[in-house]
Amino acid sequence: APQLLGAIVTAQNIVGTVLAVAPPHAYYGRGGFAYGWVRADVNNPQAPVAEDGGTLEPTDIAVVGDYLLLSNDYDSIQGGIFVHDRDDLAVLSHHTTRAGALAAWQEVMVVARTTPELSILSLADMPTLTPLGEVSVGGLVTSVAADAAVAVATVQAGATTELVIVSLADASNPQVMATLDLGVATAETVHVHDAHAYITARTDGVLVVDLRDLSNPAITVTADDVPDAFDSALVGETLLVGNVDQPTFDLAIYAVSCR
């Protein structure tokens, strides 16, 4: 069961969001169109060092080996997936289809589209991204995770928020395996650890879904002691959950155990 380990509040006017953590760096957007993104060296957490990454405002960021992938769903010029070298941050390729949330598993990338679909791309020839297949999930994908030949997506389908489980066993022909109504107004992020999905759901806190039976997922825990759970990052067995207080914009980071 999830357990709240602790929290820290920084009295700063912060609107950016941490989108990916790959020690010794964290990568985040500044929180507005054309404000750009940042790579921060967090090797010394007490004195992180930030540097500008570029002018693109990322929708999501994924780290794949020596590459950094940034998605953007704004327009046809900045939209798509940009593949950067993790070392010097140079742009190596641009996949122009508008894209939202990203999740990588082995040599496969799962991409949320601006339409009600997930696209599956091959990472085998990086920095080139090769389309493999796509699947309809019935609504707007807000976040996605991938593990053990399965993609897990949170989907806004009309007035309901659902968890959709997709098989990646045949990446050229992905199939929906199950759908679960989460019973919340919105879901912001999803991570998978040890056959469980951890979902941040704003004022509904953190939801935990048991995925041991993929054909019959079930909500097992709702951790509502994490207020306004927004963005998150999974580091080992700890889920770092961030929320930005309104109207002060103070940033609070909560550590939730996934054991």
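- Nearest heavy-atom pair across Gln156 and Ala185 is NE2-O, 3.1 Å.
- Between the side chains of Thr154 and Ser143, at least one donor N or O sits under 3.5 Å from an acceptor N or O.
- Under the 4.5 Å side-chain criterion, counting only non-hydrogen atoms from C-beta, Ile120 is in contact with Val110.
- A side-chain contact (heavy atoms from CB on, under 4.5 Å) with Ile199 holds for exactly one of Val152, Thr161, Leu163; it is Leu163.
- The shortest heavy-atom contact between Val166 and Leu118 is CG2-CD1, 4.1 Å.
- Environment of CG in Asp85: crowded, with over 12 heavy atoms of neighbouring residues, nucleotides or ligands closer than 6.0 Å.
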Between Asp66 and Asp87, does a side-chain contact (heavy atoms from CB on, under 4.5 Å) hold up when you go through it step by step?
-> CA-CA 8 Å; Asp66 294 330; Asp87 184 27; over 6 Å; no
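- Inspection of the Thr200 and Thr189 side chains reveals an N or O donor paired with an N or O acceptor under 3.5 Å.
- Trp105 and Asp147 make their closest contact through CD1-CA, 3.7 Å (heavy atoms, listed as atom of the first residue, atom of the second, distance).
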Run the side-chain donor-acceptor check on residues 129-141: report pairs under 3.5 Å with partners two or more places apart or on a different chain.
unit_1: Glu134; atom_1: OE1; unit_2: Arg113; atom_2: NH1; d: 3.1

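- Of all heavy-atom pairs spanning Leu123 and Met109, the tightest one is CD2-CB, 3.7 Å.
- Using cut-offs of 30° and 60° for the angle between ring planes, the His94 and Phe82 rings count as parallel.
- With hydrophobic clusters built from ILVMFWY side chains whose heavy atoms lie under 4.5 angstrom apart, Tyr67 shares a cluster with Val111.
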side-chain contact (heavy atoms from CB on, under 4.5 Å) assessment of Met126 paired with Leu69 | CA-CA 11 Å; Met126 291 284 280; Leu69 283 72; 3.6 Å; yes
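- The two residues Ala178 and Pro217 have their closest heavy-atom pair at CB-CD, 3.8 Å.
- Among all heavy-atom pairs drawn from Pro58 and Gly36, the shortest one is CD-O, 4.3 Å.
- Put simply, CG on Asp204 and CD on Glu188 are 11.0 Å apart, with the number rounded to the nearest 0.5 Å.
- If you take NE2 on His196 and OG1 on Thr220, they are separated by 5.0 Å, rounding to the nearest 0.5 Å.
- Once rounded to the nearest 0.5 Å, the distance linking CD of Glu107 with CG of Asp125 reads 8.5 Å.
- The shortest distance between side-chain heavy atoms of Thr59 and Ser71 falls below 4.5 Å.
- With rounding to the nearest 0.5 Å, the separation of CG in Leu180 from CG in Asn216 is 8.5 Å.
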